[in-house]
Amino acid sequence: MQQPLPETFLKPYDPAENEPRILELWERSGYANPDVCVEKGVTKPDAPTYSIVLPPPNVTGTLHMGHAAMLAIEDILIRYHRMRGYKTLWLPGTDSAAIATQSKVEKNIQKAEKKSRYDLGREELLKRIDAFTEESKKTIIEQTKRMGSSLDWSRYAYTMDEKRYAAVMEAFVRMYEAGLIYRGDRIVNWDPKGQTTVSDDEVTHEETAGTLYTFRYAKDFPIPVATTRPETKVGDTGVAVHPDDARYKTYIGKTFNVEFAGAHLSLKVVADEAVDPAFGSGAVGITPSHSFTDWEIAERHDLPRVQVIDERARMTEAAGPLVAGKKTLEARALIVEWLKERGLLEGEKQVPMNISKAERTGGTIEPLPKLQWWIAVDRSAKFPDGRERTLKEWMRSVVEEKKTDIIPERFEKIYYHWIDNLRDWCISRQIWFGHRIPVWYRRDESGNVVETIVSVDGPSSAKASEGKWEQDPDTLDTWFSSGLWTFSTLGWPEETDDLKTYHPTSVLETGYDILFFWVARMILMSGFLLGDVPFRKVYLHGLVRDEKGRKMSKSIGNIIDPLTMIDKFGADAARLSLVIGAQIGNDVKLSENRVRGYKHFANKIWNISRFVLENTADADMDAPLTDEDKELLREAKRVVAEISRYIDDFRLDLAGDAVYHYIWDRFAAEILEESKPILKDGGEAAASRRSTLNAILLISLKLLHPFMPFVTESIWQELSRKECDLLMVAKWPN
RNA sequence: GCACCCUUAGCUCAGUUGGUUAGAGCGUUCGAUUCACAUUCGAAAGGUCUCAGGUUCAAAUCCUGAAGGGUGCACCA
């Protein structure tokens, strides 16, 4: 006697029809929230925890393949652990992405109203940005859901919401009080296009052809000097040579006054180990204000600093009348001309040269001296465990001592290398959208700062009456707030239950491209503020590239849109295609064909289920099993063990592959085929096989569920006998 | 310059501590089909495992070197 099959099974699996329905079921169930799971008895109250904080996508962004890969991987880990009975939390959020968002809104306003941010003023611009982000966040959230991500939206956080803002203020004040944050006049990476400073990590180097000019400052100047940037030479205050360089030894310590391209230069010859006597003329003209290495040399030898380039990348008055007010490149031409006319140019050579660019805006970086806020990475401070150490020491030690594992391991070396080269982190930005620096200044009539207050709430009312206070106009580097993300999302600085339960998080899963930007900063912040690591493991996935291995970019036009893939082939297929073939830390090459292949697979499990249900609906699950069937179940167990081990080892690629092959090649192609005659013959063998097929189907659905949640859940809904209403919270087989 | 990764079938990639005849998907060719599935099934063709040495009874796998591709970091003025 057969039960009538649900009609849905009579046609091929249609993702478009099933996915929205299933999403709604999941959302209504509330099972993505671990508290609900405990409440409904799905998870034991004292179960071990498993937590991941979602790397927050840009609030104004749209879902791209990188996000899709991230969501697929994390959702697999989350669903697997939830099914294994862990108290499982996956916490969603969005990021304000300060510079990117502000410039986007500015651009829109410029286009629509022909107004700049200065026309609008700070307050109005921020209002506009808030309105814009509020509107556009719906897009990214909706798109995130469509991937089937079982995130706990009841805990949604935004880097600029009230709680996160308060956490940032608190962190700043604590670090300031510990002496880890200081204000300093130092050379910074200035982005003339974005009109802001950027950190070392936000600078990229582009190789271009440059000219190395060898020249003398004046006819009677004894040492020739080489440079690729003649325009900066009007800011020189010294010439450095190697201490052992016989050619120049006699001049060390002497000062020469020269007239150079309209500027009066006073050049002191100093000996410094940093100079390579074999390069160029073996002597370096020192421009302290516009070169990082020169700044350091100048510091060692106490050379004065002259700023000859301003924030708009134009020459200052101090550069002298010949070039003042000119753009740097114009100034360069003028100075080369000046040198040629006077016969001071001794050589010109084409050399490859790296130009520094701001990653976000593409502006050419000008190193400039500026008064900025910094995080000291080499200064000792007291950590919550009572021990004194520097931030660098902490960052190094947590990975060395395996408090945090980086997977794949090879990134550990890259991480150490980064730490060794790390300089103090410039955290202040001259943009308006972001977490404003919690520092207030009181000035006297002539504008000099006479008092400074660093506090979360600003000057107290008593203080406020003492005079006019102004808050520092700058905002914080967006990665400052991102660094707090694992614990600010859990309620820090309050001692919340969530914080106690879910921190440190189990895994941070993200692209390797933000290892330094983000991963390292989280380790830093969590270390100093909580005395603990932010996560036990860092799992770095590769970048998604096109089928030829190129980066996806608008200009090449090779972008594969995850939403288009979902529409065409279903979210399940999109997920699997991003996981299988993606070896840890290696890039994934994606093509539509691959996604299509996995759509076929979704249909395969659909039809397997149909066959099994048609033939075994009346199965007696307690029927005595034949030896053959016992072996089939043992085999299924071995597959479960194999797949569990792969997932535990973060080999989701192999796990996915193993599920795929077990279900298709073993279950469908062999077991079902050989079952047909057995079922036909009837008798005890048939009864045994019916029960076995049923059991294997359940195991298969569970194994596949983390990878293809929609189709498996759709099938689960059609089962008449099941242990729980949703496959999402069914028990992982063992 | 320093470091890291990659190179296996036409394409995309598996191959974990060395161990039968090196695998899969897609593509190609041939065939099947009242069957749960034409989103199927079966079969075939297709490999000097980039190259050159070495270790070993045994190397795609370990070691050394080279070539090509990619990435990170540092940059010399």
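Worth knowing before you read on, the calculation uses all heavy atoms, side chains too, and leaves out hydrogens, waters and symmetry mates. Convention: sequence-line order gives letters A, B, ...; per-chain numbering from 1.
- If you check B:A58 for Watson-Crick or wobble pairing at under 3.5 angstrom, you find it has no partner at all.
- The cationic atom of A:R396 (NZ for Lys, CZ for Arg) lies less than 6.0 Å from the six-membered ring centre of A:Y416 and within 45° of the ring axis.
- A:D657 comes within 4.0 angstrom of no nucleic acid atom, judged by non-hydrogen atoms across all strands.
- No contact: A:A283 has no heavy atom under 4.0 Å from any strand.
- Of the listed nucleotides (B:C73, B:A36, B:A77), B:A77 has the atom at the smallest distance from the side chain of A:M353.
- In this structure, the nucleotide among B:C76, B:A36, B:U39 sitting nearest to the side chain of A:P12 is B:U39.
- Closest to the A:K676 side chain, of the nucleotides B:A74, B:C76, B:A36, is B:A36.
- For B:A77, there is no paired nucleotide, since no Watson-Crick or G-U wobble pair has both relevant distances below 3.5 Å.
- In this structure, A:W664 reaches the B:C41 phosphate: one of its side-chain N or O atoms is under 4.0 Å from OP1 or OP2.
- Distance, A:D665 CG to B:G42 P: 8 Å, rounded to whole Å.
- Atom name P, nucleotides B:C13 and B:A74: the rounded distance is 29 Å, in whole Å.
- Put simply, A:T293 has no side-chain N or O that comes within less than 4.0 Å of OP1 or OP2 on B:A77.
- When the nucleotides B:A36, B:A74, B:G15 are ranked by their closest atom to the side chain of A:E614, B:A36 comes out on top.
- Distance CD1 (A:I715) to P (B:C37): 15 Å, rounded to an integer number of Å.
- Classified by interplanar angle (parallel below 30°, tilted 30° to 60°, perpendicular above 60°), the ring pair A:Y660/A:W664 is tilted.
- Remark: A:K676 is positioned above the aromatic ring of A:F611, its terminal NZ or CZ atom under 6.0 angstrom from the ring centre and at most 45 degrees off the axis.
- A gap of 47 Å separates the P atoms of B:G68 and B:G31, to the nearest Å.
- One finds no salt bridge joining A:E509 and A:K537 here, because no Lys/Arg side-chain nitrogen approaches an Asp/Glu carboxylate oxygen to under 4.0 Å.
- Nucleotides B:U40 and B:G25 are separated by 12 Å at their P atoms, to the nearest Å.
- Residue contacts shown for A:T287 are absent, as no nucleic acid heavy atom lies under 4.0 Å away.
- A cation-pi geometry, defined here as NZ or CZ lying under 6.0 Å from the six-membered ring centre and within 45° of its normal, holds between A:R305 and A:W295.
- Candidate nucleotides B:A36, B:A77, B:A24 were compared by shortest atom distance to the side chain of A:L672, and B:A36 ranks first.
- Distances from the side chain of A:R651 to the nucleotides B:A14, B:G72, B:A36 place B:A14 closest.
- Straight-line distance from the CG atom of A:N603 to the P atom of B:U39: 9 Å, rounded to whole Å.
- Proximity note for A:H417 (side chain, C-beta onward) versus B:C73, B:C76, B:G25: the nearest is B:C73.
- Here B:C26 presents its C1' atom at 10 Å from CZ of A:R596, a figure rounded to the nearest Å.
- Across all strands shown, B:C13 forms a Watson-Crick or G-U wobble pair with B:G23, both key distances being under 3.5 Å.
- The C1' atoms of B:C2 and B:C76 are separated by 15 Å, rounded to the nearest whole Å.
- Rounded to an integer number of Å, the gap from CG of A:N607 to C1' of B:A36 is 5 Å.
- Among the heavy atoms of the strands, none lies under 4.0 Å from A:S281.
- Judged by distance alone, with hydrogens and angles left aside, A:K604 brings a side-chain donor or acceptor within reach of the base of B:C37, the pair sitting under 3.5 Å.
- In this structure, of B:A77, B:A36, B:A74, it is B:A36 that holds the atom nearest to the side chain of A:R610.
- RNA chain B is contacted by both A:A669 and A:F601; A:F601 maps to the nucleotide lying nearer its 5′ end (nearest heavy atom per residue).
- Nucleotides B:G69 and B:C51 have their C1' atoms positioned 15 Å apart, rounded to a whole Å.
- Pairing partner, B:G42: B:C30, with both Watson-Crick or wobble hydrogen-bond distances short of 3.5 Å.
- One finds no side-chain N or O of A:K413 lying less than 4.0 angstrom from the OP1 or OP2 phosphate oxygen of B:A3.
- Using atom C1' as the reference point in both B:U61 and B:G54, the two lie 15 Å apart (nearest Å).
- At whole-Å resolution of the value, CD in A:E348 and P in B:A77 are 16 Å apart.
- With respect to the salt-bridge test (charged N to carboxylate O, under 4.0 angstrom), the residues A:K233 and A:D236 qualify.
- Of the possible polar contacts, none joining the A:E359 side chain to the A:T204 backbone as a donor-acceptor pair under 3.5 Å is found.
- For the pair A:D201 CG and B:G72 P, the interatomic distance rounds to 12 Å; values are reported in whole Å.
- The base of B:U16 sits with one of its N or O atoms less than 3.5 Å from a complementary donor or acceptor on the side chain of A:Y646.
- Rounding to whole angstrom units, NZ of residue A:K599 and P of B:A38 are separated by 14 Å.
- A:V351 comes within contact range of no nucleotide atom at all, as no heavy-atom separation falls under 4.0 Å.
- Pair check for B:G68 finds B:C6; Watson-Crick or G-U wobble, both atom distances under 3.5 Å.
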Salt bridge (Lys or Arg N to Asp or Glu O under 4.0 Å) between A:R651 and A:E642, worked out
CA-CA 11 Å; A:R651 293 306 306 264; A:E642 186 192 16; over 6 Å; no
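- Separation of the C1' atoms belonging to B:A14 and B:G23 is 7 Å when rounded to the nearest angstrom.
- When the C1' atom is compared between B:C6 and B:U50, the two are found 11 Å apart, to the nearest whole Å.
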